[in-house]
Amino acid sequence: MEYSFKEIEQKWQKKWANEQTYKVTEDVNKNKFYILNMFPYPSGAGLHVGHPLGYIASDIYARYKRLNGFNVLNPMGYDAYGLPAEQYAIQTGQHPEITTNANVARYREQLDKIGFSFDWNREIRTCSPDYYHWTQWAFQKMYESYYDSKLQKAQPISKLIQEFQSQNKTFNINGIVKTWNELSEIEQNDILMNYRIAFLGETMVNWCPELGTVLANDEVVDGVSIRGGYPVVQQKMRQWCLRVSAYAQRLLDGLETLDWSESIKETQKNWIGRSEGAEIQFKTKDGKQFTIFTTRADTIFGVTFMVLAPESDLVNEITTREQKKEVDAYVEETSKRTERERMIDKKVSGVFTGNYAINPFNGKEIPIWVSDYVLSGYGTGAIMAVPAHDSRDYAFAKHFNLPIIPLIEGCDVSTESFDAKEGIVCNSDFLNGLSVKEAIAKTKQYITHQGIGKVKINYKLRDAIFSRQRYWGEPFPVYYKNGIPQMIPEDCLPLLLPAVDKFQPTETGEPPLGNAQEWAWDELRKKVVDKSLIDNKTIHPIELFTMPGFAGSSAYYLRYMDPHNSKSLVSKENDEYWQNVDLYVGGSEHATGHLIYSRFWNKFLFDIGVSCKEEPFQKLINQGMIQGRSNFVYRIKNTNTFVSYNLRKQYDTTPIHVDVNIVQNDILDTVAFKAWRSEYNDAEFILEDGKYICGWAIEKMSKSMFNVVNPDMIVEKFGADTLRMYEMFLGPVEQSKPWDTNGIDGCHRFLNKLWHLAEKSTNEESPTKEELKSLHKLIKKVTEDIEHFSYNTSVAAFMICLNELTSLKCDKKQVIEVLSVLIAPFAPHIAEEFWEKLGHNTSVCDAKWPQYNEEYLKEDNIKMMISFNGKTRFAMEFPADADKEAIEKAVLADAQTSKYLDGKSIIKVIVVPGRMVNIVHPK
RNA sequence: GCGCCUGUGGUGAAAUUGGUAGACACGCCAGACUUAGGAUCUGGUGCUGCGAGGCUUGCAGGUUCGAGUCCUGUCAGGCGCACCA
């Protein structure tokens with residue numbers, strides 16, 4: 001009988017669905033294993049062959065763990081809210097809800113064909129009210145919490161208020177000192193905003209007019225938006241923010257406990273950007289005070305000017321009346337430039353404020369400048385400039401002809417600054433003679449002691465901007481009373497997103513939810529307890545901003561543990577059972593976005609006792625990107641004649657992308673090509689050896705390159721099991737590699753041969769010694785490979801084993817029984833079919849993973865390397881149980897007749913490996 | 001500029017972690033069978049040379065009896081961060 005994969009796969013997929021084979025329930029008698037893929041956002045293009053790579057790899061691991069007796073949670077869902085889904089809807093002119101549902105359905109259909117062991121009972125969608133209920137809930141908890149820097153954890157804001165009251169703490173409001181109880185509600189609220197973990201802040205944001213929304217830092221690269229590549233400008237706006245920066249140190253420390261790749265940890269460390277330094281207070285000549293941040297406190301004697309960021313509030317305060325006009329003009333000018341313009345054009349600019357600072361170490365007067373090379377958002381927005389030892393200060397000093405004082409013995413600063421933190425300090429009073437390291441420490445000690453500064457650690461990590469002027473996102477469960485945000489009562493959640501017709505964003509930043517004023521008032525009437533407030537119109541309707549894409553994706557893995565719970569995000573029992581994700585699989589492009597937000601979000605939930613683990617993802621595997629392999633045809637210019645690849649140089653040709661689906665092994669199907677597009681109907685070909693050979697290149701997989709390969713097509717032609725095996729065979733999971741359908745035949749042939757071997761295997765006898773050896777070699781290899789995610793080599797091991805069994809003419813049922821279980825993670829459909837034919841009435845998923853027996857693996861002979869006279873000469877074989885004397889004897893006997901030796905010059909013989917035998921044989 | 005990663009046949013890649021480099025697969029070559037088919041099977045296939053042999057893991061050194069693997073330098077490619085004081 002033929003291997004009719006189509007029939008087999010459909011049969012088992014139906015059976016799995018009907019019998020809920022992959023449904024998982026909490027079972028305290030079994031060890032848990034939580035495996036998770038980064039859930040996809042369902043784009044309109046559907047899956048291409050690169051998307052399932054990570055899913056297949058994790059599915060293999062999930063099935064393997066299950067066969068080893070673990071209770072495996074392997075869920076799947078959709079990240080359906082956010083910009084990409086909305087942009088797609090806008091482009092196609094349909095409502096995002098409609099496009100999202102259609103895309104989800106399409107994804108599901110494609111995924112089902114590949115035979116994953118997902119538990120679809122636990123499916124979640126970030127845009128479904130059951131789900132975003134808990135996104136909104138978490139936001140409210142963040143609003144009602146502050147970060148206690150002494151305890152280093154989140155605490156209820158009520159505790160802070162209590163402290164303010166009981167300590168009778170005083171606050172300076174516009175120069176008037178008041179105690180907490182003397183403050184108005186608005187003033188109290190303003191103060192608390194500086195502490196809340198979710199807070200309203202007037203901050204510089206990345207405003208993208210084209211997308212009509214603000215963006216988080218990780219959504220902007222090189223001054224343009226990641227989605228669409230539109231320019232982004234800096235603008236001050238009142239926005240919801242998350243105090244991610246409070247968790248900077250814990251986010252850094254947590255990395256040490258994680259089993260993640262070094263490169264992704266490094267990326268996160270860079271992004272968090274911890275730097276140890278000092279804040280030093282300076283006074284101006286006219287008695288005003290300001291603070292700077294530096295990591296090079298040791299260079300204080302080389303400060304020849306100070307620089308303020310143009311956006312800094314200090315600029316106004318410090319600038320003298322004479323210079324005001326000039327400074328204002330400069331500030332105005334820089335504010336008009338976008339981030340991108342500033343980045344491209346790095347020319348030195350700046351203006352003198354007219355004011356001078358006094359160096360607290362030696363009393364010298366230092367001019368204060370304003371320049372855009374100092375950022376307002378980092379440190380204090382003001383620096384002390386040491387041109388001798390900082391390249392940016394150096395460029396500035398050279399440009400404006402400011403003095404440069406070298407501070408390291410023997411350094412040459414005539415053409416460039418000396419930035420290295422090494423050498424012996426000079427020109428620095430009491431620091432002279434110290435190393436840079438010592439000088440930094442001593443200066444820090446000095447400033448602390450003198451009360452002119454303090455040791456300070458700064459982080460580059462900024463607070464996340466949490467509102468978007470968009471429609472397709474979670475509504476904020478917030479309304480306003482006298483401008484003060486109020487949380488909608490917890491038991492009134494979720495606050496549903498209204499169905500509106502006009503959901504397009506506006507360039508001015510008016511949120512699309514503004515089109516749903518009626519909804520806002522209606523919701524308020526339903527959700528706010530004190531109805532008189534509404535009638536008096538003393539309150540404003542619901543917040544019209546929505547949450548960003550990362551809101552829904554930050555704690556989704558917790559929800560999978562208990563997806564239908566309507567009382568809480570996750571029940572205590574379920575959280576304690578599943579703990580956290582043991583294996584997380586996804587792309588490394590989320591290193592500074594999702595993987596930071598998610599860790600932050602989980603740390604907060606840990607602090608408030610919702611999550612029992614501080615880190616959400618214990619082990620992380622970053623699957624590589626699958627690139628496309630494009631094919632080209634070569635058209636002779638101004639004709640409709642195409643010349644084959646190796647003849648193209650004889651003509652003046654233009655390479656043209658051709659659909660890879662009408663090319664096989666780089667040979668063009670000329671008939672299909674003519675039919676492909678009307679302009680090629682009358683195409684003519686110059687062939688070589690009767691074939692048209694195409695050129696090729698590795699490029700991104702995209703529609704415009706005609707190199708997109710659809711998994712449906714592969715499943716149709718070769719079957720899901722072949723697709724699964726081939727994707728793994730392609731190379732290491734973590735490596736980026738091009739897709740090349742050409743090689744798939746090898747995997748298909750393998751399954752075909754396996755099928756025929758299984759068919760022939762009706763012999764009930766025990767396997768022979770050779771057969772057992774081959775089988776147990778495979779068990780060992782596959783077990784080890786799966787543990788190490790080295791799937792490409794385990795596929796190879798299957799092929800080797802099959803070749804061996806075939807040449808042994810193996811026909812034993814017992815062998816096929818073991819093979820069925822071994823292959824089940826990779827090719828589950830065929831495995832089930834074998835299992836059933838062997839007479840089992842349970843799923844192969846409930847089988848037991850075989851253990852190998854070292855006894856069968858023993859080699860009769862051991863190969864060893866022999867070295868003579870310092871040169872490795874050749875390998876010799878010895879019986880496995882040979883002792884030292886026997887080996888020595890055999891080697892020396894061989895040496896007498898060996899062509900490598902003349903029989904008289906042996907000095908040293910070393911036999912390796914495994915057992916090392918040194919034979920020193922003096923002549 | 002700083003940090004991280006990767007360089008092996010025509011192609012995707014292996015290499016028990018220091019032990020006969022190129023497993024396995026694609027492709028290619030030759031053959032078998034066949035109602036010549038993009039089916040199946042068998043053998044060959046790193047480069048070079050008629051040959052014995054020689055050469056070979058980006059390049060140059062080093063350690064070692066022995067290096068793709070370890071060390072130093074260098075070149076190339078990729079990724080991340082980047083006026084972060």
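For clarity, every value in this text was computed on a predicted model and none was experimentally measured. Sequence lines set the chain letters: A, B, ... in the order given, protein chains first and strands last, and positions in each chain run from 1.
Remark: aromatic rings of A:H748 and A:F5 are close, center separation under 6.0 Å. Aromatic rings of A:F826 and A:F798 (six-membered ring for Trp) have centroids within the 6.0 Å cut-off, being under it. Ring-centre distance between A:Y726 and A:W739: below the 6.0 Å cut-off.
Using a 4.0 Å heavy-atom distance criterion, A:D740 is classed as making no nucleic acid contact. In this structure, A:P738 reaches neither bases nor backbone, as no heavy-atom distance under 4.0 Å exists between it and the strands shown. Heavy atoms of A:R462 sit under 4.0 angstrom from at least one base atom. Residue contacts shown for A:I800 are limited to sugar-phosphate atoms, with no base heavy atom under 4.0 Å away. Within the 4.0 angstrom heavy-atom criterion, only backbone atoms of the sugar-phosphate kind lie near A:N803; the bases stay farther away. A:K737 comes within contact range of the sugar-phosphate backbone alone, with a heavy-atom separation under 4.0 Å but no base atom that close. No engagement by A:K780 is indicated, since no non-hydrogen atom pair under 4.0 Å with the nucleic acid exists.
One can place CG of A:N622 at 13 Å from C1' of B:C4, the figure rounded to the nearest angstrom. Counting to the nearest Å, the C1' atom of B:G77 and the CD atom of A:Q627 are 12 Å from each other. Remark: C1' of B:C26 and CG of A:L730 are 11 Å apart, rounded to the nearest angstrom. Atom NE2 of A:H756 and atom C1' of B:A39 are 11 Å apart (whole Å). In this entry the distance linking NZ of A:K717 with C1' of B:A39 reads 14 Å, nearest Å. If you measure from atom NZ of A:K691 to atom C1' of B:G38, you get 12 Å, rounded to the nearest angstrom. The separation between A:E262 atom CD and B:G78 atom P is 23 Å, rounded to whole Å. We find that CD of A:E311 is positioned 13 Å from P of B:C83, with the value rounded to whole Å.
Taking the six-membered ring where tryptophan is involved, the planes of A:F396 and A:Y373 are tilted, since the angle between them lies from 30° to 60°.
In B:U17 the base sits syn relative to the sugar, since the glycosidic angle is no further than 90° from 0. The glycosidic torsion of B:G9 lies within 90° of 0, which places this base in the syn conformation.
Side-chain N/O atoms of A:S275 include one lying less than 4.0 angstrom from OP1 or OP2 on B:A85. Checking the phosphate oxygens (OP1, OP2) of B:A85, a side-chain nitrogen or oxygen of A:Y378 falls inside 4.0 Å. An OP1 or OP2 oxygen of B:A25 is reached within less than 4.0 angstrom by no side-chain nitrogen or oxygen of A:R749. Here A:Q735 reaches the OP1 or OP2 of B:A13: one of its side-chain N or O atoms lies under 4.0 Å away. Between A:N792 and B:A14, a side-chain N or O to OP1/OP2 separation shorter than 4.0 Å is present.
B:G1 and B:U64 have their P atoms separated by 36 Å, given to the nearest Å. When the P atom is used for both B:G73 and B:C4, the distance is 13 Å, rounded to whole Å. Rounded to a whole angstrom, the distance from the C1' atom of B:G54 to that of B:G62 is 25 Å.
With respect to A:R296 and A:D419, no salt bridge is recorded, no charged nitrogen being found less than 4.0 Å from a carboxylate O. Ion pairing of A:K265 with A:E256 is absent here, as no side-chain N (NZ or NE/NH1/NH2) approaches a carboxylate O to less than 4.0 Å. Salt bridge status for A:E276 with A:K456: absent, with no side-chain N to carboxylate O gap under 4.0 Å.
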**OP:** Might you work through the ring pair (Phe, Tyr, Trp, His ring centres under 6.0 Å) test for A:Y852 and A:H776, ending with a clear yes or no?
**Re:** CA-CA 5 Å; A:Y852 61 89; A:H776 281 249; 7.7 Å; no
Subject >> A:Y394 vs A:T415, side-chain hydrogen bond (donor to acceptor under 3.5 Å, both in side chains): CA-CA, chis, key distance, verdict >> reply: CA-CA 9 Å; A:Y394 188 87; A:T415 55; 5.6 Å; no
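Side chain of A:W271, nearest nucleotide from B:C81, B:C24, B:C4: B:C81. Taking only side-chain atoms of A:D372, from C-beta outward, the nucleotide of B:C81, B:A25, B:C83 with the closest atom is B:C83. Nearest nucleotide to the side chain of A:F729, out of B:G80, B:C83, B:G12: B:G12. Each of B:G80, B:C24, B:G38 was ranked by its minimum atom distance to the side chain of A:N270; first place goes to B:G80.
Side-chain atoms of A:D298 never come within 3.5 Å of backbone atoms of A:I440 as a donor-acceptor pair (strictly under, hydrogens ignored).
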Original post:
Where each pair must be Watson-Crick or G-U wobble with both distances under 3.5 Å, what dot-bracket representation of RNA chain B is obtained, with crossing pairs in [ ] and other-strand partners as |?
Top reply: (((((((..(((......[....)))((((((.......))))))(((....)))..(((((..]....))))))))))))....
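Taking the nucleotide of RNA chain B with the nearest heavy atom to each of A:Q268 and A:K781, the more 5' of the two is matched to A:K781.
At a cut-off of 3.5 angstrom, counting only N and O atoms as typed in the model, there is no donor on one side facing an acceptor on the other between the side-chain of A:E266 and the base of B:G3.
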